Amino acid sequence: MAQLSDIAGTGLGLKRELMQPLKQHHGLALLEHLQFVEIAPENWIAAGGRYAADLRWFAERYPMVCHGLCLSLGGPDPLNVGFLQQVKQFLADFEIPLYSEHLSYCSDSANGYIYDLLPIPFTEEAVHHVAQRIRQTQDILGQRIAVENASFYVAAPISEMDESSFINAVLSEADCNLHLDINNVYVNSVNFGFDACSFIDQMPAERIVYGHIAGHLQVASDLLVDTHGAAVIDPVWQLLAYAYQKLGVFPTLLERDTHIPPLAELMQEVDTIQRMQQQAIQSSPHSVNRVA
């Protein structure tokens with residue numbers, strides 16, 4: 001059975017269009033630094049035939065994490081308990097030790113699933129609401145989950161605290177882990193004019209299980225959109241290096257959801273993550289961050 005400690009080093013989002021190239025290069029130098037993969041359970045729970053066989057092939061060779069899309073932790077409606085029971089069985093079937101979700105919401109009773117991640121107002125009431133839903137999720141799954149800091153584009157006027165304070169309050173009350181998305185920190189810092197390094201300083205290193213890094217779309221000088229459809233830019237790489245320095249080296253996965261380039265091009269970015277991790281460890285040998 002895979003353990004949380006097996007999630008280490010560098011990872012890549014397992015998109016279906018990458019599965020055959022990855023299988024073809026398994027064991028070769030191109031994939032030397034690929035240590036874990038990530039899937040969205042919503043895309044795989046009902047998969048059968050060749051797709052299920054492909055997923056089993058990867059689960060037998062790489063530690064795997066699940067990163068959910070539709071749980072709507074901040075939403076107003078009851079949690080989808082039936083879906084969570086499916087997730088629990090899926091995690092067991094494929095020996096997946098970690099499930100994470102976005103600290104956002106994406107559904108309501110009037111509109112159903114909105115297919116976008118909407119921001120949660122940063123209020124004490126929202127902290128209690130979200131933390132209770134996370135605890136319920138953990139009770140159903142029988143394990144801790146991790147929540148990811150989300151990108152957003154409109155600030156709720158009723159917010160009572162900043163984003164980092166809200167995240168810390170939720171993590172503490174829910175007693176869950178953190179999935180730290182470095183690109184989302186950078187995107188929000190540009191969109192809302194705060195210092196990204198100061199945000200990183202406030203994240204609890206002891207709760208980080210893994211991180212994301214990705215590219216985004218620049219719409220204007222003060223508006224970035226988290227698309228996962230481009231190469232990672234230098235300021236985001238620099239922020240990742242800063243996070244390793246301040247929080248320790250945590251497992252980090254490259255996201256690429258659209259405009260997916262050839263595998264060799266993606267692996268150049270995965271290799272960059274690996275080099276940065278090694279540089280951080282060499283400069284501070286005790287800097288590896290590990291959550292039990």
Side-chain angles (χ1 to χ4, degrees), residues 10-11 13 67 74 100-104 117-122 127 146-156 159-172 177-257 269-270 272-277 279-281 283-284 287-289 291:
T10 59
H67 185 47
S100 70
E101 249 290 357
H102 301 83
L103 194 54
S104 63
L117 300 174
L118 302 179
I120 304 168
F122 302 145
V127 168
V147 292
E148 181 193 40
N149 57 298
S151 59
F152 58 101
Y153 309 98
V154 177
S159 290
E160 303 164 351
M161 61 188 82
D162 61 21
E163 182 188 4
S164 59
S165 298
F166 179 77
I167 291 171
N168 276 287
V170 169
L171 296 175
S172 178
N177 289 324
L178 174 63
H179 173 180
L180 181 62
D181 191 303
I182 299 298
N183 185 61
N184 287 353
V185 175
Y186 181 78
V187 165
N188 289 353
S189 75
V190 171
N191 291 346
F192 296 99
F194 64 79
D195 183 76
C197 290
S198 294
F199 184 100
I200 293 294
D201 291 343
Q202 297 172 68
M203 293 297 98
E206 70 279 5
R207 291 189 182 271
I208 299 172
V209 286
Y210 79 112
H212 273 168
I213 193 165
H216 56 257
L217 173 67
Q218 180 168 344
V219 178
S221 61
D222 58 352
L223 177 57
L224 307 181
V225 178
D226 179 41
T227 59
H228 308 162
V232 180
I233 66 170
D234 285 344
V236 177
W237 286 122
Q238 293 165 13
L239 189 60
L240 179 63
Y242 183 81
Y244 288 159
Q245 174 191 338
K246 296 296 292 188
L247 303 172
V249 174
F250 46 84
T252 306
L253 180 136
L254 176 70
E255 289 187 292
R256 189 65 178 262
D257 293 337
E269 292 191 291
V270 173
T272 297
I273 298 170
Q274 191 272 343
R275 286 195 302 272
M276 293 175 64
Q277 290 177 336
Q279 290 167 0
I281 292 170
S283 64
S284 179
S287 67
V288 176
N289 182 3
V291 174

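Quick caveat: nothing in here was measured; it's all calculated off a predicted structure. Note: hydrogens, waters and symmetry copies are ignored here, and every other heavy atom, side chains too, is used.
Counting only heavy atoms from C-beta outward, the side chains of E148 and L180 never approach each other to under 4.5 Å. You'll find the side chain of V209 stays beyond 4.5 Å of the side chain of P251, heavy atoms only. The shortest side-chain heavy-atom distance between L239 and C197 falls under the 4.5 Å cut-off. Within the 4.5 Å cutoff, side-chain heavy atoms of I273 are placed close to those of Y244. At a threshold of 4.5 Å between non-hydrogen side-chain atoms, the residues H212 and N183 do not count as touching. Within the 4.5 Å cutoff, no side-chain heavy atoms of I120 are placed close to those of V170. Contact check for E163 versus N188: side-chain heavy atoms found under the 4.5 Å cut-off. Under the 4.5 Å side-chain criterion, counting only non-hydrogen atoms from C-beta, L224 is not in contact with V219.
Classified by interplanar angle (parallel below 30°, tilted 30° to 60°, perpendicular above 60°), the ring pair H179/Y210 is parallel. In this pair, F199 and F194 present their aromatic rings parallel. The plane angle is below 30°, not in the 30 to 60° band.
The minimum heavy-atom distance linking V187 with Y153 is given by the pair CG1-CE2, 4.2 Å. When all heavy atoms are compared, the tightest approach of I200 to A243 is CG2-CA, 3.8 Å. Taking all atoms of both residues into account, the shortest heavy-atom contact from V249 to A280 is CG2-CB, 3.5 Å. Nearest approach of A214 to H228, heavy atoms of both residues: CB-CD2, 3.6 Å. Scanning both residues, S221 and V190, for their nearest heavy atoms gives O-CG1, 3.6 Å.
To the nearest 0.5 angstrom, R207 atom CZ is 14.0 Å from L247 atom CG. Of the inter-residue distances, the one linking Y186 atom OH with I213 atom CD1 reads 12.0 Å to the nearest 0.5 angstrom. Atom CG of residue L171 and atom CD of residue E206 lie 9.0 Å apart, to the nearest 0.5 angstrom. Rounding to the nearest 0.5 Å places CG of N184 at 10.5 Å from OG of S189. Here the CD atom belonging to Q245 is positioned 12.5 Å from the CD atom belonging to Q279, to the nearest 0.5 angstrom. Rounding to the nearest 0.5 Å gives a distance of 11.5 Å between OG of S165 and CD of E160.
Of the possible polar contacts, one joining the S159 side chain to the A156 backbone as a donor-acceptor pair under 3.5 Å is found. Proximity of a side-chain donor or acceptor of D181 to a complementary backbone N or O of N149 within less than 3.5 Å is not detected. For the pair N289 (side chain) and A205 (backbone), a donor-acceptor distance under 3.5 Å is present. Remark: side-chain polar atoms of Q277 are paired, donor with acceptor, to backbone N or O of F250 under 3.5 angstrom. No side-chain donor-acceptor contact under 3.5 Å links S284 to the backbone of I281.
Using modelled atom types, one finds a donor on one side chain and an acceptor on the other under 3.5 Å when comparing H67 with H102.
In this structure, the side chain to side chain donor-acceptor pair (under 3.5 Å) partners of Q202, at least two apart in sequence or on a different chain, are S164.
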- Message: Working note: H216 + D226, criterion side chain to side chain donor-acceptor pair (under 3.5 Å); need CA distance, chi angles, decisive distance, verdict.
- Response: CA-CA 5 Å; H216 56 257; D226 179 41; over 6 Å; no

- Query: Given the rule in the side chain to side chain contact (heavy atoms under 4.5 Å, CB included) test, do M276 and T252 qualify, once you have shown the distances and angles that lead to the verdict?
  - Reply: CA-CA 11 Å; M276 293 175 64; T252 306; over 6 Å; no

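Ring to ring, F152 and F122 are close: their centroids are under 6.0 angstrom apart.
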